[in-house]
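One structure is given here, and the rest of the page talks about it.
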Protein chains: 2
Amino acid sequence: METETQELKDAGLKITAPRVKILQILESSAIRHLSAEDVYRKLLTNNEEIGLATVYRVLTQFEAAGLVIRHHFEEGHSVFELAGTFHHDHLVCIKCGRVEEFSDADIEALQCKIADKFGFELTEHNLNMYGYCPKCQTGD
Amino acid sequence: METETQELKDAGLKITAPRVKILQILESSAIRHLSAEDVYRKLLTNNEEIGLATVYRVLTQFEAAGLVIRHHFEEGHSVFELAGTFHHDHLVCIKCGRVEEFSDADIEALQCKIADKFGFELTEHNLNMYGYCPKCQTGD
DNA sequence: GATATTTATGAGAGCAATTATTATTCTTCT
DNA sequence: AGAAGAATAATAATTGCTCTCATAAATATC
């Protein structure tokens, strides 16, 4: 349980109970993409007395520190995922909400080429595809 | 000024002053991507007495009718653009907000290939790239 | 063209997600 | 251990958007 504190230190954040707890939640979750609410509910389940506002604040700090990545798959609320080792894109099932991750070097390369063409200096990019996952294609 | 009414009819919507005005705004705007607030402000500037709720309602109807496409480039609010003839993706300047549109058949093809691999039946996809446009790259 | 029927609108309350404020508590540095 | 500074909890405020419902307008019918 000492790894989280080290990660926080490396990220330049001070060690506080809420930050450690939230990082643990993110690392131990089976579901990679969690909303602030999700995190908050998990904290409540663990009987942690951490306010929702703190969850938002901490997640935003984690984002700034590069520990997590914020996505907005659907309108109105963000989901967060632990920053992995490499960039990837998402396939989101619009029925069950399942998210598949993938990474494609060819697409990445094409994206850079296009950004170059327009003279843009890229800081971020995301490709989200929406549709029905195999399980949710009810024979249509 | 008769074109808008025809477009509305074709979309199966009744002709009302708010709908015509909002469609005109969208068609005459130099900026292709407008938020509901933007549209509302433009209406106010033109001394139109149209409520914000109506703007939202009408834009949502336009979306349902396929007249406009809703994007959520950044969290928390949508922007709308007139539905063009073909799908395209976006390059968004995170400083000045300028949006460049592009379309790349190779990327589209790769996307389909990936969706196939995962067995997804795609309904929608979008690729947004964020960065600094040529004008906003002030040598750091 | 007038009237009936249906549908849309406007104003403001309401809502959900998120952020700001502020007094208090905790972490770190010495 | 104690001071200084930063982080937290609780609550209030804000934002983007939707709902309600009385009123008004648009199409259908005569």
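Each chain gets a letter, A, B and so on, in the order its sequence line appears, and its residues count up from 1. These numbers were taken from a predicted model, which means no experiment stands behind them.
A donor-acceptor contact under 3.5 Å is formed by the side chain of A:R57 with the base of D:dA9.
Comparing the local axis fitted to the first five base pairs of the helix from C:dG1-D:dC30 to C:dT30-D:dA1 with the one fitted to its last five gives a bend of 40°, rounded to 10°.
Between B:S78 and D:dG16 there is no side-chain N or O to OP1 or OP2 distance below 4.0 Å. Under 4.0 angstrom from either OP1 or OP2 of D:dA26 there lies no side-chain N or O belonging to B:R19. Side-chain nitrogen and oxygen atoms of B:T16 include none within less than 4.0 Å of the OP1 or OP2 phosphate oxygen of D:dA25. For C:dT19, the OP1/OP2 oxygens have no side-chain nitrogen or oxygen of A:Y56 closer than 4.0 Å.
In this structure, B:S35 reaches neither bases nor backbone, as no heavy-atom distance under 4.0 Å exists between it and the strands shown. Using a 4.0 Å heavy-atom distance criterion, B:T54 is classed as a base contact. Residue-level contact check: A:E37 touches neither bases nor backbone, having no heavy atom under 4.0 Å from any strand.
The distance between atom CD1 of A:I50 and atom P of D:dA10, rounded to the nearest whole Å, is 11 Å. Counting to the nearest Å, the C1' atom of C:dT9 and the CD atom of B:E48 are 14 Å from each other. Distance CD (B:Q61) to C1' (D:dT18): 13 Å, rounded to an integer number of Å. The nearest whole Å value for the distance from the CG atom in A:L8 to the C1' atom in D:dT8 is 15 Å. Rounded to whole Å, atom P of C:dT9 lies 12 Å from atom CG of B:L43. When rounded to the nearest whole Å, the span between CG of A:L44 and P of D:dA9 equals 12 Å. We find that NE2 of A:H72 is positioned 14 Å from C1' of C:dA17, with the value rounded to whole Å. In this structure, B:L59 atom CG and C:dA8 atom P are separated by 15 Å, rounded to whole Å.
Of the two residues near DNA chain C, B:P18 and A:A17, the one whose nearest nucleotide lies more 5' is B:P18. Comparing B:I15 and B:G76 against DNA chain D, the residue whose closest nucleotide sits nearer the 5' end is B:G76. Both B:K14 and B:T60 lie close to DNA chain D; mapped to their nearest nucleotides by heavy-atom distance, the more 5′-ward contact belongs to B:T60.
Side-chain N or O atoms of B:E48 include none that pairs as donor or acceptor with a backbone N or O of B:K42 at under 3.5 Å. With hydrogens and angles ignored, the 3.5 Å screen pairs a side-chain donor or acceptor of A:D38 with a backbone N or O of A:S35. Between the side chain of B:S28 and the backbone N or O of B:Q24 there is at least one donor-acceptor pair closer than 3.5 Å. When atom types are taken as modelled, the side chain of B:D104 and the backbone of B:D106 share a donor-acceptor pair closer than 3.5 angstrom.
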Please set out all donor-acceptor pairs under 3.5 angstrom arising from side-chain atoms of residues 58-66 of chain A, sequence neighbours excluded.
{"from": "A:T60", "atom 1": "OG1", "to": "A:Y56", "atom 2": "O", "distance (Å)": "2.8"}
{"from": "A:T60", "atom 1": "OG1", "to": "A:R70", "atom 2": "NH2", "distance (Å)": "3.4"}
{"from": "A:Q61", "atom 1": "OE1", "to": "A:R19", "atom 2": "NH1", "distance (Å)": "2.7"}
{"from": "A:E63", "atom 1": "OE1", "to": "A:R70", "atom 2": "NE", "distance (Å)": "3.0"}
{"from": "A:E63", "atom 1": "OE1", "to": "A:R70", "atom 2": "NH2", "distance (Å)": "3.2"}

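A distance of 5.5 Å separates NE2 in A:H71 from CD1 in A:I69, rounded to the nearest 0.5 Å.
Using modelled atom types, one finds no donor on one side chain facing an acceptor on the other under 3.5 Å when comparing A:E108 with A:H88.
With sequence neighbours left out, B:E37 forms a side chain to side chain donor-acceptor pair (under 3.5 Å) with B:R41.
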